[in-house]
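To keep things clear, I will list the structure first and then write my remarks on it.
Remember, it's a predicted structure, so these values are computed and weren't measured experimentally. Order of listing sets the numbers, starting from 1, for every ligand and every atom in it.
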Amino acid sequence: MAKRVLIKFSGEALANEDGHGIDSATLKFIASEIKPLVESGVEIGLVVGGGNIIRGVNASKEGIIRRSSGDYMGMLATVINAVALQEALEHFGLKVRVQSAIEMNEICEPFIVRKAIRHLEKGRIVIFAAGTGNPFFTTDTAATLRAVEIGAQMIIKATKVDGVYDKDPAKYPDAKKIPILSYDEALKDNIKVMDDTAIALAKDNGLPIIVCDMFTKGNLYNIIVNEDYSRCSIVTDKEKL
Ligand code: GTP
């Protein structure tokens, strides 16, 4: 069983049915999926995207808002989601600390890696908010960076699809799932598990990336505690398997 993991949740997946805002039922579901992991002794870092509120790239595409400003707006969105997730996890009796890459001390702690590790050792979930604190980086890259920094054994991209496909399964019914990929395969244009920066960082540090469906009940437990990888895809150094 992995001792320490970083789970990255899609912000978009938190949205209500109209595609915006934060759905309480989804928050509750996530918390109920995390609780048994903590009870099994797994140390958990979380990163959540901000796509349900705003995406930097989209906000800036009309040319009015600069890309860097759009990205800062996106980072703020991740803080909103992190606070919501903290509330939901605490509602389930879990201990949580939010750390932000951009200081906003009235809302949450600043990101201090050594403090984050102490929190994890004490059985607290740490939610890393505000991305890397810099524009032009995605939350996937922030999640990978934090995973490496806290010494996580894997990063789990918990999203709307149950793995990596050779083409978009939403568009192509004949898309095939790829259970195991090398980092170089994950970098290919048709695959794009994460952005290149995130994958390169994972590759450099030998950090396995797991892609799974966040809405399948028991999925995270099955992967992390039971080490059952049948319902996800893994990006790793294939030679080492
Ligand atoms: P240890 O005592 O070191 O085990 O950790 P702790 O997090 O319980 O102690 P600390 O005194 O650092 O924090 C107590 C509470 O204050 C926790 O809920 C923290 O999340 C919160 N907290 C600590 N620093 C900050 C900060 O800079 N801003 C905000 N908003 N909350 C903080």
Side-chain angles (χ1 to χ4, degrees), residues 1-11 13-14 21-24 26-54 56 68-135 137-156 158 214 220 224-225:
M1 178 181 91
K3 183 163 168 34
R4 186 175 292 167
V5 298
L6 189 300
I7 307 170
K8 192 256 167 176
F9 287 103
S10 148
L14 292 186
I22 301 171
D23 180 43
S24 292
T26 305
L27 287 180
K28 264 171 75 178
F29 177 76
I30 291 176
S32 69
E33 292 294 288
I34 299 285
K35 190 172 166 100
L37 295 173
V38 176
E39 287 169 348
S40 301
V42 183
E43 296 175 5
I44 298 176
L46 297 180
V47 167
V48 59
N52 54 323
I53 300 169
I54 196 159
S68 53
S69 299
D71 282 348
Y72 281 115
M73 291 157 74
M75 287 180 238
L76 293 175
T78 70
V79 180
I80 296 174
N81 284 338
V83 173
L85 205 48
Q86 179 180 42
E87 291 293 318
L89 293 163
E90 285 181 347
H91 189 79
F92 275 69
L94 299 168
K95 297 198 164 39
V96 191
R97 299 289 185 264
V98 176
Q99 292 199 342
S100 171
I102 297 173
E103 282 199 30
M104 42 184 99
N105 291 344
E106 286 76 7
I107 297 172
C108 53
E109 297 180 18
F111 170 65
I112 300 169
V113 69
R114 296 170 74 107
K115 198 158 168 63
I117 290 169
R118 282 298 289 145
H119 287 322
L120 293 168
E121 287 168 351
K122 289 178 180 177
R124 298 169 184 151
I125 296 163
V126 182
I127 308 178
F128 300 103
T132 65
N134 296 295
F137 291 98
T138 63
T139 22
D140 281 353
T141 297
T144 310
L145 176 64
R146 296 298 181 240
V148 173
E149 284 183 284
I150 64 171
Q153 274 97 54
M154 60 178 78
I155 176 167
I156 300 184
M214 63 185 269
L220 291 172
I224 299 167
V225 179

Kindly compute the distance separating CG (Leu14) from CG (Asn52), expressed to the nearest 0.5 Å.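 Output value for this atom pair is 5.0 Å.
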Provide the full list of salt bridge (Lys or Arg N to Asp or Glu O under 4.0 Å) pairs with a residue in residues 26-42, sequence neighbours left out, each pair given once.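 Qualifying pairs, neighbours excluded: Glu33-Lys217, Lys35-Glu39.
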Residue pairs, two or more places apart or on separate chains, that pass salt bridge (Lys or Arg N to Asp or Glu O under 4.0 Å) and touch residues 140-156: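 Sorted pair list: Lys8-Asp140, Asp140-Lys157, Arg146-Glu149.
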Could you walk me through whether Tyr72 and Ile102 satisfy the side-chain contact (heavy atoms from CB on, under 4.5 Å) test, starting with their C-alpha distance in whole Å, then the side-chain angles of each, then the deciding distance to 0.1 Å, before giving a yes or no? CA-CA 10 Å; Tyr72 281 115; Ile102 297 173; 4.1 Å; yes
Side chain to side chain donor-acceptor pair (under 3.5 Å) partners of residues 115-131, not counting sequence neighbours, each pair once: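 Listed once each, the pairs are Glu109-His119, Arg118-Glu121, His119-Arg124.
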Using a strict cut-off of under 4.0 Å between a residue heavy atom and any atom of ligand 1, list the qualifying protein residues by chain and number.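 Only Arg97, Asn105, Glu106, Ile107, Cys108, Glu109, Pro110, Lys115, His119, Lys122, Arg124 have heavy atoms that fall under 4.0 Å of ligand 1, ordered by chain and number.
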Has Thr78 got a side-chain atom pairing as donor or acceptor with Ala130's backbone, closer than 3.5 angstrom?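 Such a contact is found between Thr78 side chain and Ala130 backbone.
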